[in-house]
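Worksheet for the structure shown next.
Heavy atoms only: backbone and side chains are in, while hydrogens, waters and symmetry mates are out. All of these numbers come straight from a predicted model, not from anything done at the bench.
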Amino acid sequence: MFGLSELAVILVVVAVIVGIRKLPELTRSAGKATRIFKSEARALRDDTAERRTPR
């Protein structure tokens, strides 16, 4: 039967194989999240600047 170290190696190999398949999807999601975060930060900055300007 398998020992603890063999099971750990098998789990690591399976995680790497599954991770490689999901990598393009994860990078796309990270890129979308970054774009959304930047646009929201820009909108907040613009809104704050708009409130500070005297009318």
CG of L44 to OG of S39: how many Å apart, nearest 0.5 Å?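 That separation rounds to 11.0 Å.
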Run the numbers on T34 and K38 for side-chain contact (heavy atoms from CB on, under 4.5 Å), then give the verdict. CA-CA 6 Å; T34 302; K38 285 182 179 180; 3.9 Å; yes
For D46, give me all partners under salt bridge (charged side-chain N to carboxylate O under 4.0 Å, His left out), at least two apart in sequence or on another chain. none
Indicate every side-chain donor-acceptor pair of residues 20-33 with a distance under 3.5 Å to a residue at least two apart or in another chain.
{"residue": "T27", "atom": "OG1", "partner": "L23", "partner atom": "O", "Å": "3.2"}
{"residue": "T27", "atom": "OG1", "partner": "P24", "partner atom": "O", "Å": "2.8"}
{"residue": "S29", "atom": "OG", "partner": "E25", "partner atom": "O", "Å": "3.1"}

